[in-house]
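Keep in mind that this is a model prediction, so the values were computed, not measured.
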Amino acid sequence: MSFEFLSHTSEVILKVEAGSKEDLFREALRGEMNFLKKDLGKEQRGRQKREIEVSSVDLEALLVDFLNEVLYYANIYKEVYTDIDIEEFSDTYIKAKVMGFKVDGFDDDIKAVSYHDLKIIYKDNKYICNIIFDV
């Protein structure tokens, strides 16, 4: 008997850079939604607003948990979110309203946002991270 590992393209990496932690979350959300729906300007109908509240152990986990929560709402309600109003924010907690619109379907699918290799670093006056989407 034998086995081998075969390469499989099942991930997409989103690189995000921002001047603040809050903007890092904002840009990560925009990147996630732009992956789901390539041309966000064409199908804008039925303006929607969802409240998101997430607590986690640290900033990296908070980012992943936040993006997974938004992904959950996007899939349940067939919506994409193009804007965010952050009401409360710390390295372990976020409370925000995401605003967007209904869509007929998505261009691509994200199964989950991964914790794998996620590290938020601060360099040259900006926050940088690579986020892995399992697709």
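Cluster annotation: Val98 and Ile76 are assigned to the same hydrophobic cluster (Ile/Leu/Val/Met/Phe/Trp/Tyr, side-chain heavy-atom contacts under 4.5 Å, transitive). Transitive grouping of hydrophobic side chains (ILVMFWY, heavy atoms separated by less than 4.5 Å) brings Ile120 and Ile94 into a common cluster. Val57 and Tyr115 are not part of a single hydrophobic cluster, where members link through side-chain heavy atoms under 4.5 Å apart. In this structure, Val113 is not a member of the same hydrophobic cluster as Ile13, with clusters built from ILVMFWY side-chain heavy atoms closer than 4.5 Å. Under the 4.5 Å side-chain heavy-atom criterion for ILVMFWY residues, a single connected hydrophobic cluster contains both Val12 and Leu36.
Between Tyr122 and Tyr127, the ring planes lie tilted relative to each other; the angle falls in the 30° to 60° range.
The two residues Phe106 and Lys37 have their closest heavy-atom pair at CA-CD, 4.5 Å. Taking each heavy atom of Leu67 and Glu32 in turn, the nearest pair found is O-OE2, 2.9 Å. Annotation for Leu118 and Leu63: closest pair CD2-CD2, 4.5 Å, computed over non-hydrogen atoms. Nearest heavy atom pair, residue Val103 against residue Glu79, reads CG2-N, 4.3 Å. Residues Val64 and Ser114 share a closest heavy-atom pair of CG2-O, 3.6 Å. Scanning all heavy atoms of the two residues, the minimum distance from Ser90 to Leu62 falls at O-CD2, 3.4 Å.
Judged purely by atom type and a 3.5 angstrom limit, Lys97 has no side-chain atom pairing as donor or acceptor with the backbone of Asp83. Remark: side-chain polar atoms of Asp23 are not paired, donor with acceptor, to backbone N or O of Gly19 under 3.5 angstrom. Under a 3.5 Å cut-off, the side chain of Asp58 and the backbone N or O of Ala61 do form a donor-acceptor pair. Using modelled atom types, no side-chain atom of Glu22 and backbone atom of Ile86 make a donor-acceptor pair closer than 3.5 Å.
A cation-pi arrangement, defined by a distance under 6.0 Å to the six-membered ring centre and an angle within 45 degrees of its axis, is present between Lys38 and Phe35.
Within the model, atoms CD1 of Ile131 and NZ of Lys119 stand 14.5 Å from one another, a figure rounded to the nearest 0.5 Å. Thr82 contributes atom OG1, which lies 11.5 Å from atom CD of Gln48 (distance to the nearest 0.5 angstrom). If you take OG on Ser20 and CZ on Arg26, they are separated by 7.0 Å, rounding to the nearest 0.5 Å. Remark: Asp117 CG to Ile132 CD1 distance equals 5.5 Å, nearest 0.5 Å.
No side-chain heavy atom of Val54 sits less than 4.5 Å from a side-chain heavy atom of Tyr93. Within the 4.5 Å cutoff, the side chain of Val135 has no heavy atoms near those of the Lys111 side chain. Using a 4.5 Å heavy-atom threshold, the side chains of Phe25 and Leu59 count as touching.
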Inset, instruction - Please test Tyr72 against Asn68 for side chain to side chain contact (heavy atoms under 4.5 Å, CB included), starting from the C-alpha separation and ending with a verdict. - result: CA-CA 6 Å; Tyr72 168 78; Asn68 275 320; over 6 Å; no

Legend entry - Pair Thr92-Ser55, side chain to side chain contact (heavy atoms under 4.5 Å, CB included): steps then yes or no: CA-CA 6 Å; Thr92 59; Ser55 296; over 6 Å; no

Inset, instruction - Give the intermediate values and the outcome of salt bridge (charged side-chain N to carboxylate O under 4.0 Å, His left out) for residues Lys15 and Glu17. - result: CA-CA 7 Å; Lys15 182 176 182 178; Glu17 297 181 4; 3.6 Å; yes

Inset, instruction - Evaluate the criterion side chain to side chain contact (heavy atoms under 4.5 Å, CB included) for residue pair Phe89 and Lys21; output intermediate values, then yes/no. - result: CA-CA 9 Å; Phe89 184 85; Lys21 293 174 187 176; 3.6 Å; yes

Inset, instruction - Run the numbers on Val16 and Ile128 for side chain to side chain contact (heavy atoms under 4.5 Å, CB included), then give the verdict. - result: CA-CA 6 Å; Val16 182; Ile128 304 165; over 6 Å; no

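Using modelled atom types, one finds a donor on one side chain and an acceptor on the other under 3.5 Å when comparing Ser56 with Asp65.
In this structure, the ring of Tyr81 has its center no less than 6.0 angstrom from the ring center of Tyr73.
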